[in-house]
Novice: 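Structure below; questions to follow.
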Protein chains: 2
Amino acid sequence: MSIVTELSEPSLHEPVRRARGRPRKAVHERDDGNRRQELLRVAARLFRQQGFAATSTRDIASAAGMRSGSPFYHFENKEALLAAVMQEGMQSALQRQAAAMAAAVDLAAAQGHTLSARECFRVLVRSHFEVLLGPDSDFIPVMLYEWRSLSPEQRGEVNRLKDDYEAVWVPVLKALHASGELQGEPGLARMMLFGALNWSAQWYDPAREATLDDLTRSVLQLFLKTTT
Amino acid sequence: MSIVTELSEPSLHEPVRRARGRPRKAVHERDDGNRRQELLRVAARLFRQQGFAATSTRDIASAAGMRSGSPFYHFENKEALLAAVMQEGMQSALQRQAAAMAAAVDLAAAQGHTLSARECFRVLVRSHFEVLLGPDSDFIPVMLYEWRSLSPEQRGEVNRLKDDYEAVWVPVLKALHASGELQGEPGLARMMLFGALNWSAQWYDPAREATLDDLTRSVLQLFLKTTT
DNA sequence: CCTACCGATCGGTAGG
DNA sequence: CCTACCGATCGGTAGG
């Protein structure tokens, strides 16, 4: 959102009042928001590749084209940068999840039917893979594997977002369990399902054969019983 | 093995054979091998709790009751200690897996029948949970979540052990796939299965209600179709 | 955002 | 295994 506000401020009226309205350093100002975003992006990538503790703030600064002290102009400390990466990732995941569900609901409505639990499940799984393995997919793996480096308070905030994310799944899984399509104790089944999905961040190679649709199909086949 | 060699070499002929059958400082010498084991144990625990990079060799030394330089008497460097933790964990896992399978085969033979693929699967899953969540269960999670901190050569060695471990599963999963009890592309199904199992190291709380048998039962219900 | 810098910590070693 | 130590690196800051 900060991108939008910043972009809506032109910064290029300048050939207009060349004499009067000096450059105003518009380029530099637009960068202000972008630099923070850039820091988040490279931090996510490095935290994922090397881990939080093994990544120095100097590594991050250098990858963002800054000097060693500059990240601290944007973030209070290294931990706050990590927390920001995770929150950014979770917020994006929540938005994508909601958008995917809304799109599926609309499509079904246009076709005059409602979504089955199985169809909801498919949409959620597919969206999850997108978030985990698609473009800009470093943020969520960092959250999954580096949360122990957060302070207790930061952990609480991130956990709240994660609960929101999981809450969308609960009624779907409950319905699948009620129909017998998903078996095993529901709580345990949910944990194992997320384990199966999240683990893909460790082994999935986009250059390889399987597409996200392949993965999604396999998950449905593997976890769901047929209703008959 | 070094334990054996060390125990066979006395080193205390000096008050000569005063009484002839003295304690021989056996306790101290036995400690020599124990110190290395103790280092592995505390290192596994700390690496798991804090991560490899966030754990200093001083932390480890202090937790083992040594001074800061002493771990380097037992291990060439910090990386070698990490590799030893992983190798120790995988060797133990391989032994436990083989023992569990052997015991199950023997029991079935004594009862005059052979193991079904489903029964093999149950034994492997149960043994996996034991290794992952039972006593001394820090080693394998360290391997699962810290392997990127290894050098390429060390990674190769650990990977060989991991391949041996997975190789035992392959024919079992193949049989389950052939019978229709396990569905989805076999390669993907295997990765997702391990994901579901391994993720339990992140959330399982032994103080909580579910036992390892509960988990095993849920896995079978969740992943296997009924043959009818 | 950069320059210049600081105190703390870290992996590792020599020599016993 | 301990003592004593070293060079390197790290997170972070003051002051512009």
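Lettering of chains follows the sequences in order, A, B, ..., and the numbering in each one begins at 1.
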Novice: Any strand is fair game: report the nucleotide pairing with dG16(C) by Watson-Crick or G-U wobble, both distances under 3.5 Å, or none.
Specialist: dC1(D)
Novice: Kindly say if R58(B) contacts the phosphate of dT9(C), meaning a side-chain N or O under 4.0 Å from OP1 or OP2.
Specialist: no
Novice: Just to confirm, is there a sub-4.0 Å distance from OP1 or OP2 of dG11(D) to any side-chain nitrogen or oxygen of T57(A)?
Specialist: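 Answer yes for this pair, as a side-chain N or O of T57(A) is under 4.0 Å from OP1 or OP2.
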Novice: Identify which nucleotide among dG12(C), dG11(D), dC10(C) has an atom closest to any side-chain atom of S56(B), counting heavy atoms from C-beta outward.
Specialist: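 Selected nucleotide: dC10(C).
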Novice: Looking only at the side chains, is there a donor atom on one of Q50(A) and T55(A) sitting less than 3.5 Å from an acceptor on the other?
Specialist: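 Yes, because at least one side-chain N or O of Q50(A) sits under 3.5 Å from a partner of the opposite role on T55(A).
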Novice: Toward the 5' end of DNA chain D, which comes first, G69(A) or D59(A), by nearest nucleotide?
Specialist: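 Closest to the 5' end, via its nearest nucleotide, is D59(A).
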Novice: Roughly how far apart are R126(A) CZ and L212(A) CG, rounded to 0.5 Å?
Specialist: 4.5 Å
Novice: From the list dA4(C), dT13(C), dC2(D), which nucleotide is the closest neighbour of the side chain of M66(B)?
Specialist: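 Closest nucleotide to the M66(B) side chain: dC2(D).
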Novice: Starting at atom CG of N34(A), determine the distance to atom C1' of dC1(C), rounded to an integer number of angstrom.
Specialist: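 Atom-to-atom, N34(A) to dC1(C), this comes out as 15 Å.
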Novice: Between dG12(D), dC1(C), dC2(D), which nucleotide gets closest to the side-chain atoms of S70(B)?
Specialist: dC2(D)
Novice: To the nearest angstrom, how far is F47(B) atom CZ from dG11(C) atom C1'?
Specialist: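 My rounded result for the distance is 12 Å.
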Novice: CG of L82(A) versus P of dG12(D): gap in Å, rounded?
Specialist: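 So the two atoms are 12 Å apart, to the nearest Å.
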Novice: With the side chain of Y73(B) defined as its heavy atoms from C-beta on, choose the nearest nucleotide among dG12(C), dG11(D), dC1(D).
Specialist: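 Of all the options, the side chain of Y73(B) is nearest to dC1(D).
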Novice: Salt bridge check: are E38(B) and R41(B) linked by an N-O gap of less than 4.0 Å?
Specialist: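 Salt bridge: yes.
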Novice: For K78(A) and dA8(C), what is the distance between atoms NZ and C1' respectively, to the nearest whole Å?
Specialist: 15 Å
Novice: Would you say the side-chain atoms of S92(B) pair up with the backbone N or O of E88(B), donor to acceptor, closer than 3.5 Å?
Specialist: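 No, because the side chain of S92(B) does not come within donor-acceptor range (under 3.5 Å) of the backbone of E88(B).
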Novice: In whole angstrom, what separates L39(B)'s CG from dC2(D)'s P?
Specialist: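 It works out to 10 Å between those atoms.
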Novice: Please report the distance, rounded to the nearest Å, between CG in N77(B) and P in dT13(C).
Specialist: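 The answer, rounded to whole Å, is 8 Å.
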Novice: Using modelled atom types and a 3.5 Å cut-off, is there a donor and acceptor pairing between side-chain atoms of R58(A) and backbone atoms of S68(A)?
Specialist: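 No; judged by distance alone, with no hydrogens or angles, the pair does not exist.
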Novice: Can you find a side chain N or O atom of R67(B) that sits less than 4.0 Å from OP1 or OP2 on dC1(D)?
Specialist: no
Novice: Expressed as a whole number of angstroms, how long is the span from L46(B):CG to dG11(C):C1'?
Specialist: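 From L46(B) CG to dG11(C) C1': 16 Å.
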Novice: Whole angstroms only, please: what is the CZ-P distance between F72(B) and dG12(C)?
Specialist: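 In whole Å, dG12(C) P and F72(B) CZ are 5 Å from each other.
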